[in-house]
Amino acid sequence: MNALNSLMDGFGTALTPINLLWAAIGVLLGTAIGVLPGIGPAMAVALLLPVTYGLEPTGAFIMFAGIYYGAMFGGSTTSILLNTPGESAAVVAAMEGNPMAKAGRGAQALAAAAIGHFAGGMIGTILLVALAPKVAALAVDIGAPDYFAIMVLAFIAVTSVLGSSRVRGLASLLIGLTIGLVGLDQMTGQQRLTFGSLQLADGVDVVIVAVGLFAIGEALWVAAHLRRTSNERGGAKRLVAGAAAGDGRVIPVGRPWLGKADLRRTWKSWLRGPLIGFPFGAIPAGGAEIPTFLSYVTEKRLSKHKDEWGKGAIEGVAGPESASSASAAGTLVSMLTLGLPTTAVAAVMLAAFQQYGIQPGPLLFEREPDLVWGLIASLFVGMVLLLALNLPLAPVWAKLLRIPRPYLYAGILFFAAVGAYAVGGESLDLVILLVIGLIGFGMRRYGLPVLPAVIGVILGPNAEQQLRRALQISDGSVSGLVDTPFSVTVYALVLLIVAWPLAKTLVKKLVVRGRGSDVDKAA
């Protein structure tokens, strides 16, 4: 009942005219950005961080939440109409959505995706309301060893799940941790990696890191490959480049709608999606990519229309899109209650909290109840706005792909530079932005995922502080890091994440050897 009363107060905050305006702006901006390939919600929030300095914190976060959900919706629109995912979580939607559009059922695919986002977001946010206060209450009793263990779990899980290899994930994390070390040591006051510059004594601002790695790195990468990708033939790269150059062909659709037969096939998928998406959003598993794929596989196994899969099964759109939206709500549980970002967007939003001098964690619900519950209530409002504003405009959004890439990324570079300069008003910030952008370019060149680096920058200093506190409490004994049941459980999970792929490989080798020996005996 306390959570329900707080939520009602939150609606009083979210439904004020100015906050409704920020929610609508966020939804529209997020959808437009989600449509464009290579510009996901994380880059959108990163670019808008400096712009929101003059905003009141509640309004800024309401707008960020709208961008998050809107970008997911926009990504599915172009996946269905152009077979060009606007962001990685929308890849699965193209597998069944685009064949539906080609078969003349694009309207039904768009409606299934839109209602799936609405249902998944609503159910996920209801779970957030029910679980977040309880998680926060439990987290109050967590000590320094437990917090350090949670951060180690975040580091290991993110580096293991993302990227083409664990080594690349670990290398990205180390880059982020190194950037996080720049500045004065919080306990001794000694300078670290400042190269004698007083301007670096306060460290590198997280906003500059986020904008540099996401926006500058992506713009430089696209610029370096623009000519090559425009000449490639076949596959998604040619389609993306062609659409961006202005010759993409949007499959024409009418007004999105669903008939009774489609509703009978999709309503269970909409309800199953959040059960998969929400838990994966709350743990460090890399975002919505894994739950959307798992939802697709689940729907395929449960479907009574096996012959339609690969040719345009509507369940393959409804389930994954519902899971994707619910995972977005799940990420807020860990971020608000533990200060633990589990996706790139959550990492950038955590940087935004720090920008306003607010520290997410178990005490956030007590210290900033208006902000937290206003943000949660705005998620319900945002879902309704998303459905009401964007469903009729879905075919229009896809035409944004016709913006020429050079114009698009030139604009991104301009806003990124202006935003970075606005952070501190120092010309050195622009140099740092360029250096970090070049690092982001190099990471893309060698296949290093960006998220571990951002999480390393944000959580690294905090993890160091918690490690030192735990060692001080135990008089320097390493055993002090594992002296609670909670920390032991978390480290057991870390060990399982590290050992599972090795055990899997070993079992496969043993199976292959066993089969080989059986063949030899038979011979």
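What you are looking at is a predicted structure, and each value in this text was computed from that prediction instead of being measured. All residue numbers refer to positions in the sequence shown, counting from 1.
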Stepwise side chain to side chain contact (heavy atoms under 4.5 Å, CB included) check, I376 with V372: CA-CA 6 Å; I376 293 174; V372 174; 4.0 Å; yes
Step-by-step side chain to side chain contact (heavy atoms under 4.5 Å, CB included) determination, Y69 to M383: CA-CA 8 Å; Y69 280 103; M383 285 292 103; 3.0 Å; yes
Anything under 30° is parallel, anything over 60° is perpendicular, the rest tilted; go ahead and classify F61 against F353.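 Aromatic pair F61/F353 classed parallel.
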Search all heavy atoms of A14 against all heavy atoms of G374 and return the closest pair with its distance.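 In this case the closest contact between A14 and G374 is CB-O, 3.8 Å.
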Compare all side-chain heavy atoms of [X] with those of [Y] and state whether any distance is below 4.5 angstrom.
| X | Y | result |
| --- | --- | --- |
| L28 | T31 | no |
| L15 | L20 | yes |
| L213 | I436 | yes |
| D9 | W373 | no |

Do the side chain of [X] and the main chain of [Y] share a donor and acceptor less than 3.5 angstrom apart?
| X | Y | value |
| --- | --- | --- |
| T178 | L174 | yes |
| N19 | T13 | yes |
| S172 | R168 | no |
| S487 | T484 | yes |

Mind checking what makes side-chain contact (heavy atoms from CB on, under 4.5 Å) contact with [X], not counting sequence neighbours?
| X | value |
| --- | --- |
| L493 | L153 |
| L413 | I216, A219 |
| R367 | L363 |

Output for pair (L467 CG, Q472 CD), nearest 0.5 Å, gives 10.0 Å
Value rounded to 0.5 Å, distance of CG in L128 from OG1 in T337: 9.0 Å
What do the steps show when you test L181 against E464 for side chain to side chain contact (heavy atoms under 4.5 Å, CB included), and what is the final call? CA-CA 9 Å; L181 286 175; E464 179 190 17; 4.3 Å; yes
Does the side chain to side chain contact (heavy atoms under 4.5 Å, CB included) test come out yes or no for V381 and I62, once each step is laid out? CA-CA 10 Å; V381 177; I62 286 174; over 6 Å; no
